[in-house]
There are 2 protein chains.
Amino acid sequence: MPRARTTFHELTVGQVAERSGVAISALHFYERKGLIRSTRTTSNQRRYSRDTLRRVAFIRTSQNVGIPLAAIKQALDQLPSERTPTREDWTRLSKGWRVILDARIAQLHALRDTLDDCIGCGCLSLRACHLRNPRDVLGRDGAGARRLPPPSERQEAQSPNGSWE
Amino acid sequence: MPRARTTFHELTVGQVAERSGVAISALHFYERKGLIRSTRTTSNQRRYSRDTLRRVAFIRTSQNVGIPLAAIKQALDQLPSERTPTREDWTRLSKGWRVILDARIAQLHALRDTLDDCIGCGCLSLRACHLRNPRDVLGRDGAGARRLPPPSERQEAQSPNGSWE
DNA sequence: ACTTGACCTCAACCAAAGTTGAGGCCAGAG
DNA sequence: CTCTGGCCTCAACTTTGGTTGAGGTCAAGT
């Protein structure tokens, strides 16, 4: 059985897939979308540096919170491209993410704490109810649905730092 | 300008759309999927009872938390179909939802609190890290990706009560 | 009577996030 | 040397959650 040879710091796509729990096809996809990068061997096989595992972990956990790949990409684009990211690089990135996570958490708390009330209270003016519009994030941009993704994507997609479109 | 006539307890699709902030096309879609129901006038127009506003609010807020429509439908299917749901019906439903919200919140907390650590700690064994697998929900079902939706859908899609899908 | 706005259906299209399959290359074990 | 497992590309397909548009009905206001 032919084993792919890799140097200590290089991983094959199969290894990344196994260690990250992500399908190879998804890794190819992420690469096409620019979320991860690889070098190629002389025979055109991908080789990943180990920090790719972190990138992938970051991608999956962020998706878990409902953040679309395009936004995740923008965050990852802040990492240095021509050197291996340092702990500080990652920490800076994750600080930004904390803001988003905090916002999500707050939103969920509001939701949870209001659900019973709102259901029970008889208020039919759901437009005003902060269950529907938990943090008044929306509220501008009059009635209309010109191709907005469902709320999860839409929610803080342009939120705290305003940097992601 | 022809104004649609409605009795006190009936709403047109346009009214529901406006009051709920959801596009008419989305309401049609939800109806096709069985998440909401309508009666028809003699001229085949939809009329919604007022509790539809709650159903729609419930749908949108649940989507916001990343729950797929199919699962939301299963929850809504627990409401009585041949009478207007009472406060108690809704409260029972929302109690079930709390469990899910609580799980999500816990997951987010774990994520948030671990992110810096995990990034900084130098642990490369990301498979073991609970950032990647926050509540050990996954972990069975060996390597493989046979058409799984992204983690958000997958996460507690069969979680606390085990009832959905 | 006629027009206008709100509604109807149905089919086609869209985007995101991948998966699947066909066809082909390459390297190491037997 | 050949076979096999792992990798490659590219195109097509999938699901979810809708939107858009064409073509048609109906009822109220003028």
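So that the names make sense, note that chain A is the first sequence line, chain B the second, and so on, each numbered from 1. Everything quoted here is computed from the prediction, not taken from an experiment.
- Rounding to whole angstrom units, CZ of residue A:Phe29 and P of C:dG21 are separated by 19 Å.
- Nearest-nucleotide mapping onto DNA chain C: of A:Leu69 and B:Val13, the residue sitting toward the 5' end is B:Val13.
- Contact check for A:Val16 versus A:Val13: no side-chain heavy atoms found under the 4.5 Å cut-off.
- Between B:Thr12 and C:dA6 there is no side-chain polar atom (N or O) within less than 4.0 angstrom of OP1 or OP2.
- When all heavy atoms of A:Ala17 and A:Leu27 are compared, the closest pair comes out as N-CD1, 3.6 Å.
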(request) Any chance you could lay out the salt bridge (Lys or Arg N to Asp or Glu O under 4.0 Å) test for B:Arg54 and B:Asp51, step after step, and finish with the verdict? (result) CA-CA 5 Å; B:Arg54 290 181 178 200; B:Asp51 64 281; over 6 Å; no
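- Following rounding to the nearest Å, A:Gln45 (CD) and D:dT9 (P) show an atom-to-atom distance of 10 Å.
- Per the geometry, CD belonging to B:Glu31 stands 13 Å off P belonging to C:dC7, to the nearest Å.
- Looking only at atom types and distance, the side chain of A:Glu31 has a donor-acceptor partner in the side chain of A:Ser38 under 3.5 Å away.
- Distances shorter than 4.0 Å separate none of the side-chain N or O atoms of A:Gln63 from OP1 or OP2 on C:dA16.
- Between B:His28 and D:dG18 there is no side-chain polar atom (N or O) within less than 4.0 angstrom of OP1 or OP2.
- Between A:Tyr30 atom OH and C:dG18 atom C1' there is a gap of 8 Å when expressed in whole angstrom units.
- Taking only side-chain nitrogens and oxygens, A:Arg46 comes nearer than 4.0 Å to OP1 or OP2 of D:dC8.
- Protein atom CG of B:Asn44 is 13 Å distant from nucleotide atom P of C:dC7, rounded to whole Å.
- Put simply, CD1 on A:Ile24 is 12 Å from P on D:dT9, counting in whole angstrom units.
- Side chains of A:Arg37 and A:Tyr30: a donor-acceptor N/O pair is absent below 3.5 angstrom, by distance only.
- For the OP1/OP2 pair of C:dC26 and a distance below 4.0 Å, the side-chain nitrogens and oxygens of A:Ser43 include no atom meeting the criterion.
- Counting to the nearest Å, the P atom of C:dA27 and the CZ atom of A:Arg47 are 11 Å from each other.
- For C:dA11, the OP1/OP2 oxygens have no side-chain nitrogen or oxygen of B:Arg32 closer than 4.0 Å.
- The distance between atom CD of A:Gln15 and atom P of D:dG5, rounded to the nearest whole Å, is 18 Å.
- Mapped onto DNA chain D by nearest heavy atom, B:Thr42 and B:Ala70 fall at different nucleotides, with B:Ala70 at the one closer to the 5' end.
- Side-chain nitrogen and oxygen atoms of A:Arg40 include at least one within less than 4.0 Å of the OP1 or OP2 phosphate oxygen of D:dT9.
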